[in-house]
Amino acid sequence: MSIRIYNTLSREKETFVPLDQERVTVYACGPTVYNFAHIGNARPAVIFDLLYRVLARRFPNVIYARNITDVDDKINAAAAAEGVSIDVITRRYADAYHADMAALGVGRPTVEPRATEHIDAIIAMIERLIDKGHAYEAEGHVLFNVDNFPEYGQLSRRDRREMIAGARVEIAPYKKHPGDFVLWKPSSDDLPGWDSPWGRGRPGWHIECSAMSAAHLGKVIDIHAGGQDLVFPHHENEIAQSRCAHGTDTFARYWMHNGFVTVEKRKMSKSLGNTLIVHELLKQWPGEALRYLLLSAHYRQPLDWSETALEQAQSTLDRLYGLLRDYPPATSSDTVEVDPAVTAALEDDLNTPTALAALNGLARQLSTAEAVERPVLAARLRATGALVGLLQQAPSAWFSQRQVDVELDEAAIMQLIEQRQQARQARDFAEADRIRDDLAARGIVIKDGPEGTNWEVAAK
RNA sequence: GGCUAGGUGGCAGAGUGGUUAUGCAGCGGCCUGCAAAGCCGUGUACCUCGGUUCGACUCCGGGCCUAGCCUCCA
């Protein structure tokens, strides 16, 4: 069994064979930190973090780089609007990004390079491109010369010549070819900038990923990942810059692109104003439910976000955690094997829906097993959940986290449950039901089981 | 206009040339003082029209529809 990956470059599923078994390199385009992340930004973070986990099971040394873009005109605009320097903005939103992603079970990448820390490398790369005749200076800008790179358009399957006809934006007069893109642009005094051979300025967006992936991963990397909307022009430009600067015939060997999160079938995007901010969603929903929903569709398919879908994800997790409730995490240090059906699904181009189906199959086995077999199956369910980033909380923590908008505290609830229990034993069912109804009215649902009575906050 | 993806049961969402996806909801049953929860059982769904085939939801072609990229965007 090997790992299969759909490669945007070939538009086919391919067997993943790294360049160097001992050093597997992955680069994912990370956030531009000028605002809170929306759930569409969270999808690649979740997916490619999972990719990293799947790779790490097989290869001893996987280096996963996910950058933070901390120089950008949108950041400048946000800073200007608040009258603060850009690092106030970038620090605030980078911190928020980390907190929000952690709530979704996303780990930190191996390296998290920032553009502002790689200005020298960026300038050096631009100089190399100019020296090799792949870039030119014009009116304080440095532009990449698309005409010099015949394979431009290979990833997105676009014809350079047709880009002129299709251009919907006014083309800057200093461009030699309409498809030429900015590597460096001049900064006025009020904008952040760095000294360079072309005057004080700042890097264009595309060049930073090229410079940082080369700095941390090498000239040729195994996997480059990002959202579908980055295929053109961002990734196309990265390929052009990197290959021309390094004189290689490959930049990234496998390209992976996630589909969009949609709302009412429309792409969620900041410009459409239909974004759902992770930070806000987390105030109402467990991060794990958001994660489950993000994993419930295959990463290359669109995922239509809705409150209904979120409730379904939460109900499913309720059942799963309910099964685990009587089986606390194993105290023995025995390593439990992850369900092979789940690893097989994940290794087949990250088929998370099939993996979740297998996880549910495991839950079914657990629920129907003989009592003696249950602890082992529960342990396996947890271990398997660990790979996909689910089911790692204590069940009691999962069920009590929805307490937020309930006025009763846990002790009061337990006391009422005890009173009801006594009433039931005394066969005073009118009183027992009164207590139950009272709790229900306050949003607490009673669940009687063979081992006693559990409770949880009612679904909204 | 160019280029990409898709159209699956009430909803979400995989997959396969002939065999149960899975989850949520629903229905029937067990359990329960009654419920809830849980457990058991339960649904021949695959846009349309042609073609290939012994056989197509699955392959090929046409059509219709939807979304995306071509401009900052995950």
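Keep in mind that this is a model prediction, so the values were computed, not measured.
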Figure out the [atom1]/[atom2] separation between [X] and [N], and round it to whole Å.
X: A/Lys267; N: B/A5; atom1: NZ; atom2: P; result: 17 Å
X: A/Leu9; N: B/U4; atom1: CG; atom2: P; result: 14 Å
X: A/His206; N: B/C72; atom1: NE2; atom2: P; result: 6 Å
X: A/Arg157; N: B/C69; atom1: CZ; atom2: C1'; result: 15 Å
X: A/Glu236; N: B/C3; atom1: CD; atom2: P; result: 16 Å
X: A/Phe232; N: B/C69; atom1: CZ; atom2: P; result: 13 Å
X: A/Asn258; N: B/C69; atom1: CG; atom2: C1'; result: 14 Å
X: A/Asp428; N: B/C34; atom1: CG; atom2: C1'; result: 14 Å

Contact list please: residues 33-54 of chain A against RNA chain B, heavy atoms, distance less than 4.0 Å, in numerical order. A/His38, A/Gly40, A/Asn41, A/Pro44
For the pair [X] and [Y], find out whether any cationic side-chain nitrogen is under 4.0 Å from an anionic carboxylate oxygen.
X: A/Arg53; Y: A/Asp49; value: yes
X: A/Arg420; Y: A/Asp448; value: yes
X: A/Glu288; Y: A/Arg291; value: no
X: A/Arg253; Y: A/Asp222; value: yes

Considering residues at least two apart in sequence or located in another chain, which fulfil the side-chain hydrogen bond (donor to acceptor under 3.5 Å, both in side chains) criterion with [X]?
X: A/Arg374; value: none
X: A/Glu431; value: A/Arg434
X: A/Tyr34; value: none
X: A/Ser242; value: A/Ser210

Base, sugar-phosphate, or nothing for [X], non-hydrogen atoms under 4.0 angstrom?
X: A/Gly259; answer: base
X: A/Ala297; answer: sugar-phosphate
X: A/Lys270; answer: sugar-phosphate
X: A/Leu230; answer: sugar-phosphate

Across all strands, who's sitting opposite [N] as a Watson-Crick or G-U wobble pair, both distances under 3.5 Å?
N: B/G43; result: none
N: B/A56; result: none
N: B/G38; result: B/C30
N: B/U66; result: B/A5

Validate the cation-pi geometry between A/Arg243 and A/Phe149: distance from NZ or CZ to the six-membered ring centre under 6.0 Å, angle to the ring axis within 45°. no
Between A/Arg66 and A/Phe48, is NZ or CZ placed under 6.0 angstrom from the six-membered ring centre and within 45° of the ring axis? no
Does [N] have its OP1 or OP2 closer than 4.0 Å to a side-chain nitrogen or oxygen of [X]?
X: A/Asn351; N: B/G15; answer: yes
X: A/Lys447; N: B/A35; answer: no
X: A/Thr368; N: B/C39; answer: no
X: A/Arg266; N: B/G68; answer: yes

Base, backbone or nothing for each nucleotide of nucleotides 16-33 of chain B, written B, S, -, heavy atoms under 4.0 angstrom, 5' to 3'? -----BSBB--------B
Inter-nucleotide [atom1] distance ([N], [M]), Å rounded:
N: B/U22; M: B/C40; atom1: P; answer: 12 Å
N: B/G26; M: B/C65; atom1: P; answer: 37 Å
N: B/G41; M: B/U53; atom1: C1'; answer: 38 Å
N: B/U44; M: B/A21; atom1: C1'; answer: 14 Å
N: B/G18; M: B/U58; atom1: C1'; answer: 11 Å
N: B/U4; M: B/G29; atom1: C1'; answer: 50 Å
N: B/G7; M: B/C46; atom1: C1'; answer: 10 Å
N: B/C47; M: B/C11; atom1: P; answer: 14 Å

Let me know, please, whether A/Lys74 or A/Ile446 comes out on the 5' side of the other along RNA chain B by nearest nucleotide. A/Ile446
Name the residue closer to the 5' end of RNA chain B, choosing between A/Phe260 and A/Arg11 according to the nucleotide with the nearest heavy atom. A/Arg11
Side chain of A/Lys265, heavy atoms from C-beta onward: which of B/G2, B/A12, B/C73 has the nearest atom to it? B/A12
So A/Tyr174 and A/His141, would you call those rings parallel, tilted or perpendicular, with 30° and 60° as cut-offs? parallel
Can you say whether the rings of A/His234 and A/His206 are parallel (under 30°), tilted (30 to 60°) or perpendicular (over 60°)? tilted
